[in-house]
Q: 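Here's a structure for you.
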Number of protein chains: 2
Amino acid sequence: MANRLRLVTGSVADHIRRCQACPLNALCLDEAPPGSLPPQQPCLEQRCVQLHGGEHLFRVSDTVDQQLHILRKGDIKLYQHGREGGQHIIEFLGPGAWIGLESLNEERRHAGAVALTDCEIASVPYAMLTSLLDRQPRSAEAFGHLLSCTIARHQQHAAMLRSTSAAQRVAQFLLQRLEQAHGYAKATLPMSRQDIADYLGLTSSTVSRCLSALRRRGWLSMGQRAFTLPGRADVERVAAGAPLALDDAVTS
Amino acid sequence: MANRLRLVTGSVADHIRRCQACPLNALCLDEAPPGSLPPQQPCLEQRCVQLHGGEHLFRVSDTVDQQLHILRKGDIKLYQHGREGGQHIIEFLGPGAWIGLESLNEERRHAGAVALTDCEIASVPYAMLTSLLDRQPRSAEAFGHLLSCTIARHQQHAAMLRSTSAAQRVAQFLLQRLEQAHGYAKATLPMSRQDIADYLGLTSSTVSRCLSALRRRGWLSMGQRAFTLPGRADVERVAAGAPLALDDAVTS
DNA sequence: CGACTTCTTGAGGATATTCAAGAATAGTGG
DNA sequence: CCACTATTCTTGAATATCCTCAAGAAGTCG
């Protein structure tokens, strides 16, 4: 088994054509001749799992099943058991995200993964991935980059948790959601308030209060699940530390 | 440049003899015949850096210098700039820790590294490491494990930041320090109270108060830099969420 | 030994939590 | 399609916790 990963020094070029249907399309970096169409047939067979909202992909202490997963549709939350029964949310994952990077060399999962909405998940056995990484050095670069980004995301999360103000954390969370739905002005909140609270180190009451305060000011507009930020500049000010009275009436 | 990393599925055996003087001794996993002495001469030339307390190994936005570092002696803190001038401590690193894993595929550092005490740091160029990883599949396994552990450590840190009570966080921090000085009942606090506070998302005043409260109860004994936990069981209870009055006199 | 920084501790005030009850939503079965 | 139940969400008031500001103590370094 020649499963190897390239240790990369530079950044990854992303001007390369990718096959659309491939679960590894973020990694499968065969250079196509300029002007040609991307290959239509996937270079790897695609094994998909369907998950309904509330179902587990895996649980804490499950044995790792020698596969990585890629979220094609839907939303997943990664969690750990906190003390006192509560659960700590590690991360919310959306379409395109990789699942299982944190358990690469572990025997058992130290996190659980639950579907928040109906999901479509592509599974890639380690063996398949590593053979790709062997064939294509650029893919290996991209994979290394993926691991680095995961660490960076955790550091960003930690920074959010240290923001003293609750309003600050909630504002940062909303902006993060928007950013992940890149380019769009609209993002979704498929998770419960309790989940958001566990993610931000707050209580669901406080999250609710902060959201209400932003709504009262007209800076946040929420539908059933989706939201937009009409006052994005203001929300960014709050995220940067501007004070936000929670139980106050609108003044300006 | 054939720099590759083995993607590993199992756990890493650690019954293997290692050469003592090698900066890569945690990775250099040549199997020695049972009963033979570990090789005395390092398999890689060793370039060491000496750092005095307060000196930087690298700063935020420095270009990554194509090297990894291994802390042989001393303590280092990894930090990022927070908003409003404060700095967020990412991690405290002690002897044996690897530095720079988070910047593997980055052009510029997104964290700074400062010596807390006088340090001795071994530097390993990527090229040297990767040639080792090519030669020894077991080393590549170990390296993959290292990356996985880094992610796990960040998740643990995030869990600590979500602990609601200040006393809880401080207690967890003390226990973590003890654990890292594995086996010993004594650990050190080479960092300032402000650093601890930035690491835990508190203020230095609160950290001080919590430490005083633990000392008053006789559960914590502090010298200049080192400390022990005579009431370790009690401290563990606090870390798990047991209440701890900060400004209270000792009752029991 | 003296100047500097860091640490400790106090009092007051701001902020998030707790507890609780009512409103909105989702899910179920008729 | 609608009613009914269960869950989640919002909001209020009171409390506890942590932060701010500040001054004195202890430690560090030349």
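Lettering follows sequence order; numbering is per chain, from 1.
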Q: May I have the distance from L116(A) (atom CG) to dA26(C) (atom P), rounded to whole angstrom?
A: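 Computing the L116(A):CG to dA26(C):P distance gives 15 Å.
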Q: Does dT17(C) have OP1 or OP2 sitting under 4.0 Å from an N or O in the side chain of T203(A)?
A: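 T203(A) to dT17(C) OP1/OP2: side-chain N or O found under 4.0 Å.
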Q: Find the distance R169(B):CZ to dT17(D):P and express it as a whole number of Å.
A: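 Computing the R169(B):CZ to dT17(D):P distance gives 14 Å.
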Q: Rounded to whole Å, please give me the gap between CG in L202(B) and C1' in dT17(D).
A: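 Nearest whole value for this atom pair: 11 Å.
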Q: Verify whether one side chain among T150(B) and E102(B) offers a donor that lies under 3.5 Å from an acceptor in the other.
A: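 There is no such pair between these side chains.
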Q: Separation of L214(B) atom CG from dT8(C) atom C1', in whole Å?
A: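 Atom-to-atom, L214(B) to dT8(C), this comes out as 15 Å.
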Q: Among dT8(C), dT17(C), dC7(C), which nucleotide has an atom closest to any side-chain atom of S212(B)?
A: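 Of dT8(C), dT17(C), dC7(C), dT8(C) is nearest to the side chain of S212(B).
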Q: Return yes when atom CZ of R59(A) has more than 12 non-hydrogen atoms of other residues, nucleotides or ligands closer than 6.0 Å, and no otherwise.
A: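 No - once you tally the heavy atoms of other residues, nucleotides and ligands closer than 6.0 Å, there are 12 at most.
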Q: Would you call the rings of H157(A) and Y199(A) parallel, tilted or perpendicular if under 30° counts as parallel and over 60° as perpendicular?
A: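 If you compare the ring of H157(A) with that of Y199(A), the planes turn out parallel.
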Q: M222(B) or S165(A): which one's nearest nucleotide on DNA chain C is closer to the 5' end?
A: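 By nearest-heavy-atom nucleotide position, the 5'-most residue is M222(B).
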Q: What is the separation between atom CE on M191(B) and atom C1' on dT5(C), rounded to the nearest whole Å?
A: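 Value for this atom pair: 18 Å.
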Q: For atom CD of E55(A), decide whether the heavy atoms of other residues, nucleotides or ligands shown that lie under 6.0 angstrom number more than 12.
A: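 More than 12 within 6.0 Å, yes.
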Q: Taking all non-hydrogen atoms of both residues into account, name the closest pair between L244(B) and A213(B) and its distance.
A: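 Closest pair (atom of L244(B), atom of A213(B), distance): CD2-CB, 4.2 Å.
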Q: Round to the nearest Å and state the distance from D195(B) atom CG to dT6(C) atom P.
A: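 Result: 10 Å.
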Q: Taking the side chain of R209(B) as heavy atoms from C-beta outward, which of dC19(C), dT17(C), dT20(D) is closest to it?
A: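 So the nucleotide nearest the side chain must be dT20(D).
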Q: Round to a whole Å and report the spacing from CD of Q194(B) to C1' of dT28(D).
A: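 Answer to the nearest Å: 18 Å.
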Q: Using the side-chain heavy atoms of R215(B), tell me which of these nucleotides is nearest: dT10(D), dA16(C), dT9(C).
A: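 Output: dT9(C).
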Q: For P243(B) and S205(B), take the nucleotide of DNA chain D holding the closest heavy atom to each; which residue's nucleotide lies nearer the 5' end?
A: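 With P243(B) and S205(B) compared, the 5'-side residue is P243(B).
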Q: Taking atom C1' of dC29(D) as reference, at what distance in whole Å does atom NE2 of H52(B) sit?
A: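 Taking atom C1' of dC29(D) as the reference, NE2 of H52(B) is at 15 Å.
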Q: Give the nucleotide from the list dT28(D), dA26(C), dA16(C) with an atom nearest to the side chain of Q224(B).
A: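 For Q224(B), the side-chain atoms sit closest to dT28(D).
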Q: From the options dC19(D), dA16(C), dC7(C), select the nucleotide whose nearest atom is closest to the side chain of R193(B).
A: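 Nearest to the side chain of R193(B) among the choices is dC7(C).
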